[in-house]
Amino acid sequence: MKRLNVAIIGAGMGGLASAAALRKAGHTVTVYEQAQQFTRLGAGIQIGCNAMHVLRGLGLEPHLRAETFYPRSWNNRDWRTGEVLFDMLFGQPAEDKYGAPYLLAHRGDLHAALASIVPAELVQLDHELVGLDQTAGGVRVSFANGCSTLADAVVAADGVNSVARTILFGEAEPHFTGRIAYRTVYPAARLAGFDMGDCTKWWGEDRHIVMYPVKPDRSEVYFVTSQPEPGFNLESWSTKGDVNVLRAAFEGFHPDVQRVLAACPDVHKRPLVDREPLDHWVEGNVALLGDACHPMTPYMAQGAAMAIEDAAILSRCLEGVDRDGSAAALQRYQATRLERTSKMQLTSRQNAWGKGETNPDWVYGYNAWTAPLHA
């Protein structure tokens, strides 16, 4: 059997999904992560039916169903009156239609699930990428700690500020939207019995808030906002926000929103950024994946799903391939993914998903294990 030795840069959702999928295809992988340890971020994540198809193929469906919340719909409501603008049905109807469930999770739980199917000895922490050199013998990967390795191919899943992308294609500034996301997870007990609903997006005139439970027993709840706050551009998942500033920003919103914000103990904040779709993200035997090549605003809840889809397509393109064929296989991966991810980036940027009548079939009906590969 033909095998590749693949170095994966980044142990986020895309990196771990790629590691699991490539191992499933028979390849040898090592994952290099710059952080010194994994941390459980206080954030929720929506796992669309399209992402669940991939996660099912990696054997994670039973685990995720037990750990996550199964919503009846994504309910879009007017910020002041509470009028329903569009109710995007999930639950059993979506599962019947698209062949996989739509789940709401704690981001840390999804990450932990992916980490559980990649042997710990294959994940090297405290490895910050500093160099990629393509040689006749393979790709030399260098790290800030002085270590280096030689791989047949490299998959760079190192996020929106990808070092690999800069090495390959030069420096390019992300697109700062001038908007901030405030987010937190907190115990539902703080709501004192108030039911925040299954998954609701409250649409304001220039801001919104999305809220949902992240546990099957509704014991933890999550919300995330998008609001104007020009000038703030510190890109970090851990920067603290001011709860009082957040509450003031949503003054006048429906009483249900006020209840959720009033119970919130603390929040984190980060700027919302994306990039223009790239024309290409493969160079020789190095390929970008996920946010490294197609970061997007969170308005469709599809950023991580695109990275997870990437992982499945990548593994299919590389199946049965040796080093001599890896560059062509990576080009095939790029050609297969380019149109869909670009469309997702631009559709998400518009921030109109679900505000009115929306047909989500093209998003949730996609199965990366069976979708056609580019010729």
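A quick note: this is a predicted structure, and the numbers were derived from the prediction, not measured.
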Strictly below 4.0 Å, N to O, side chains only: are [X] and [Y] in salt-bridge contact?
X	Y	result
R349	E276	yes
D322	R3	no
E67	K215	yes

Hey, does the side chain of [X] reach the backbone of [Y] with a donor-acceptor pair shorter than 3.5 angstrom?
X	Y	value
S162	D158	no
T68	L103	no
R183	V224	no
H106	V214	no
Q134	V139	no
D133	S142	no
Y70	Q92	yes
S348	M344	no
E33	L125	no
D152	R323	no

With side chains defined as the heavy atoms from C-beta onward, is the minimum distance between [X] and [Y] less than 4.5 Å?
X	Y	value
L64	M52	yes
R275	P295	yes
H294	D310	yes
V260	V257	no
V286	L168	yes
V31	Q124	no
L4	L22	no
Q331	Y333	no

Say you draw a straight line from [atom1] of [X] to [atom2] of [Y]; how long is it, rounded to the nearest 0.5 Å?
X	Y	atom1	atom2	value
W281	F169	CH2	CZ	10.5 Å
L104	F69	CG	CZ	7.0 Å
I9	L132	CD1	CG	6.5 Å
M13	I308	CE	CD1	6.5 Å
C317	R332	SG	CZ	5.5 Å
T347	M300	OG1	CE	5.5 Å

Near [X] [atom1], under 6.0 Å, is it more than 12 heavy atoms from other residues, nucleotides or ligands?
X	atom1	result
E121	CD	yes
D279	CG	no
E339	CD	no

### Query
Which residue pairs satisfy the side-chain hydrogen bond (donor to acceptor under 3.5 Å, both in side chains) criterion with at least one member in residues 48-65, sequence neighbours excluded?
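For residues 48-65: N50-Q302, N50-E309, H53-N367, R56-E61, E61-R65, R65-E95.
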Is there a continuous path of hydrophobic side-chain contacts, each under 4.5 Å between heavy atoms, that joins [X] to [Y]?
X	Y	value
V54	Y364	no
L16	I313	yes
L278	L346	no
M306	I45	no
L289	L58	yes

### Query
Looking at Y299, W353, W202, W79, which hits ring pair (Phe, Tyr, Trp, His ring centres under 6.0 Å) with H208?
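In the set Y299, W353, W202, W79, the residue that makes a ring pair (Phe, Tyr, Trp, His ring centres under 6.0 Å) with H208 is Y299.
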### Task
Kindly indicate, with the supporting measurements, whether the criterion salt bridge (charged side-chain N to carboxylate O under 4.0 Å, His left out) is fulfilled by D291 and R165.
CA-CA 10 Å; D291 283 353; R165 185 187 57 240; over 6 Å; no
### Query
Can you list the residues that meet the side chain to side chain contact (heavy atoms under 4.5 Å, CB included) rule with K97, with sequence neighbours excluded?
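Residues passing side chain to side chain contact (heavy atoms under 4.5 Å, CB included) with K97: D361.
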### Query
Taking it one step at a time, do Q345 and D274 satisfy side-chain contact (heavy atoms from CB on, under 4.5 Å)?
CA-CA 8 Å; Q345 284 178 282; D274 67 355; 5.6 Å; no
### Query
Using the benzene-type ring in the case of Trp, are the ring centres of Y222 and Y212 under 6.0 Å apart?
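Ring-ring flag for Y222/Y212: true, centres closer than 6.0 Å.
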When you measure from the centre of the six-membered ring of [Y], is the NZ or CZ of [X] closer than 6.0 Å and no more than 45° off the axis?
X	Y	answer
K355	W74	no
K343	W362	yes
R340	Y366	yes
K201	W203	yes

### Task
State which residue, out of L129, I8, V141, T149, fulfils the side-chain contact (heavy atoms from CB on, under 4.5 Å) condition with Y32.
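Result: among L129, I8, V141, T149, T149 is the only option passing the side-chain contact (heavy atoms from CB on, under 4.5 Å) with Y32.
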### Message
D87 vs S73, test: side chain to side chain donor-acceptor pair (under 3.5 Å). Steps then yes/no.
### Response
CA-CA 6 Å; D87 198 29; S73 71; 2.7 Å; yes
#### Entry: From CA spacing to verdict: side-chain contact (heavy atoms from CB on, under 4.5 Å), L60, L114
CA-CA 8 Å; L60 288 175; L114 286 163; 3.8 Å; yes
### Task
For the pair N5 and T28, evaluate side chain to side chain donor-acceptor pair (under 3.5 Å) and give the outcome as yes or no after the intermediate values.
CA-CA 5 Å; N5 171 27; T28 300; 5.8 Å; no
### Test salt bridge (charged side-chain N to carboxylate O under 4.0 Å, His left out) applied to E229 and K269, R270, R179, the passing residue
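Output: one option passes, namely K269.
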### Message
Is there a side-chain contact (heavy atoms from CB on, under 4.5 Å) between F38 and H111? Walk through the geometry before answering.
### Response
CA-CA 9 Å; F38 292 146; H111 188 266; 3.7 Å; yes
